[in-house]
Protein chains: 2
Amino acid sequence: MAKRKVSNLLALAVLSLLNERPMHPYEIGAVMRQRGLADSIKINTGSLYSVTEALVRNQLIEPVETLRDTKHPERTVYAVTPAGRTEFLEWLRSLIRTPFKEYPQFAAGLAFMGHLAPREAVALLAERCKLLAADVAEIRSAIEATAKFVDRLFLIEQEYSLTMREAEVKWLHQLIERIKDGTFTEQKGEQSAWKITHPDPMRPH
Amino acid sequence: MAKRKVSNLLALAVLSLLNERPMHPYEIGAVMRQRGLADSIKINTGSLYSVTEALVRNQLIEPVETLRDTKHPERTVYAVTPAGRTEFLEWLRSLIRTPFKEYPQFAAGLAFMGHLAPREAVALLAERCKLLAADVAEIRSAIEATAKFVDRLFLIEQEYSLTMREAEVKWLHQLIERIKDGTFTEQKGEQSAWKITHPDPMRPH
DNA sequence: CATAGACTAGTCGATTTCGACTATACGTGT
DNA sequence: ACACGTATAGTCGAAATCGACTAGTCTATG
């Protein structure tokens, strides 16, 4: 994510909600959680205030009033600026259009999987399959339960999440099979070991 | 990713490479790039040194010598400690076993897609499809080219990457179809608009 | 009535991330 | 000879991220 003045996705959420109406940061956090946005965008209180400041500094939002209420701490209400509205829409477009490079943790794990014995790798992958399958079931029922009172438009992202997990489970099954069937391994004595035919400095053992 | 003393995936790469042999950070960076690890783990020079310091601070690696060479700047060589070896393996296991929550940028885009007109959304999604398809083709040829001299074990992560992109392309096609076929939309005058039947504060317009 | 926990709205300081920069050496082209 | 680009090995300072903490109010419970 290059060149954006503020790039934390929290800022996108802030811009989106302020597009609806002015709010103070605590309220933004509460609405995000209420709407399940915390599922797509990581919320951290410190970052929410920090991002809000950055948006102000870059004139994408501005403070419009400060409310005092004997019952509550003082709160500052922000509204989006025209520049902020523009940034929001452009950012949103680029998020939908451009498949930006991601660095999923599992990919890093796979890159170093050769450090583990094939047998152990298979066990771990199988466990991952189980956990993902549970995720899949959970997302499924959440979608069904929510579909009763939420428009499908707002379930798209859960469906995406579901699809990607299902694809991973499927691939994992295949990977496990291939490890077991000897595609990646060879027998060394009683143990099966990764098949390494290029013992050069390219990769570990 | 909770509780790890050092959690940047760069640190995992450092631990992995130092498991092979002692190296200085610049060399670690170079080897990572040479091996294509920069594809799975984001490298930033400042972070590499910072992460190295954090690993030292937490006694997962230690400096073993400082080399001076009239041609090159002074360099500090680090080696992994027993605790570092243990941490590496446990971290690796957890990366493979546990599907930790990720926050892909596209998911955030989908969460707010309702802010765009359906027509525009479709155009953007179609563009994304194209870009992803190009990624798919590229990864495919990279795998084929590399398979000639790299063991399959070391291509697993590229295959994962390929699979996930293919799944996304497929799903995108379906999503586009569903937007076009009226699943998500309704006619409002001459324009098609998102079908919103719950105009409550749950979501934007 | 007192206490504990949750809620409200934010702060704080430590750590991490980022990307430009430093300074030297070498190779290449003009 | 000079300029430029690349390689070597790292530094630096600004900004971002994180998660615990602050302080007051309200509610429920004993």
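Protein chains get the first letters and strands the later ones, always in sequence-line order, with residue 1 at the start of each.
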task: Check whether any side-chain N or O of A/T52 sits under 3.5 Å from a backbone N or O of A/L48 as a donor-acceptor pair, and report yes or no.
output: yes
task: Using a heavy-atom cut-off of under 4.0 Å over every strand shown, decide if B/T45 touches base, sugar-phosphate, or nothing.
output: base
- prompt: Want to settle it: does A/V77 or B/S47 sit nearer the 5' end of DNA chain C, counting the closest nucleotide to each?
  reply: A/V77
field: Listed nucleotide nearest any side-chain atom of B/K42, set D/dG10, C/dC18, C/dT8
entry: C/dC18
task: Report the distance from atom CG of A/L55 to atom P of D/dA15, rounded to the nearest whole Å.
output: 15 Å
Closest-nucleotide ordering on DNA chain C, the 5'-leading residue of B/A54 and A/P25: A/P25
query: Got a donor-acceptor contact below 3.5 angstrom from the A/S161 side chain to the A/E157 backbone?
result: no
message: Does B/R178 qualify as a cation-pi partner of B/F184, given the criterion of NZ or CZ under 6.0 Å from the six-membered ring centre and within 45 degrees of its axis?
response: no
- request: Would you mind reading off the distance between B/L48 atom CG and D/dT8 atom P, rounded to a whole angstrom?
  value: 14 Å
query: Of the candidate nucleotides D/dT17, D/dA9, C/dT16, which contains the atom at the shortest distance from the side chain of A/N8?
result: D/dT17
message: So if I take every side-chain heavy atom of B/N44 and compare against D/dA9, D/dT17, C/dG19, which nucleotide ends up nearest?
response: C/dG19
Closest heavy-atom pair and its distance - A/M32, A/I41: CE-CG2, 4.0 Å
message: Any base atoms under 4.0 Å from A/R68, or only sugar-phosphate, or nothing? Heavy atoms, all strands.
response: nothing
message: The side chain of B/Y26 is closest to which nucleotide in this list: C/dG10, C/dC18, D/dT8?
response: D/dT8
task: Please work out which of the three classes, parallel, tilted or perpendicular, describes the rings of B/W171 and A/Y160, given edges at 30° and 60°.
output: tilted
- prompt: D/dA16 P sits how many Å from A/K5 NZ, rounded?
  reply: 13 Å
- prompt: Counting just side-chain N and O atoms, does A/R57 come under 4.0 Å of either OP1 or OP2 of D/dA16?
  reply: yes
task: Classify the nucleic acid contact of B/E74 as base, sugar-phosphate or nothing, counting any heavy atom under 4.0 Å across all strands shown.
output: sugar-phosphate
message: What is the distance, to the nearest angstrom, from the CD atom on A/E27 to the P atom on C/dA9?
response: 8 Å
- prompt: Is any side-chain nitrogen or oxygen of A/S50 closer than 4.0 Å to OP1 or OP2 of D/dT17?
  reply: no
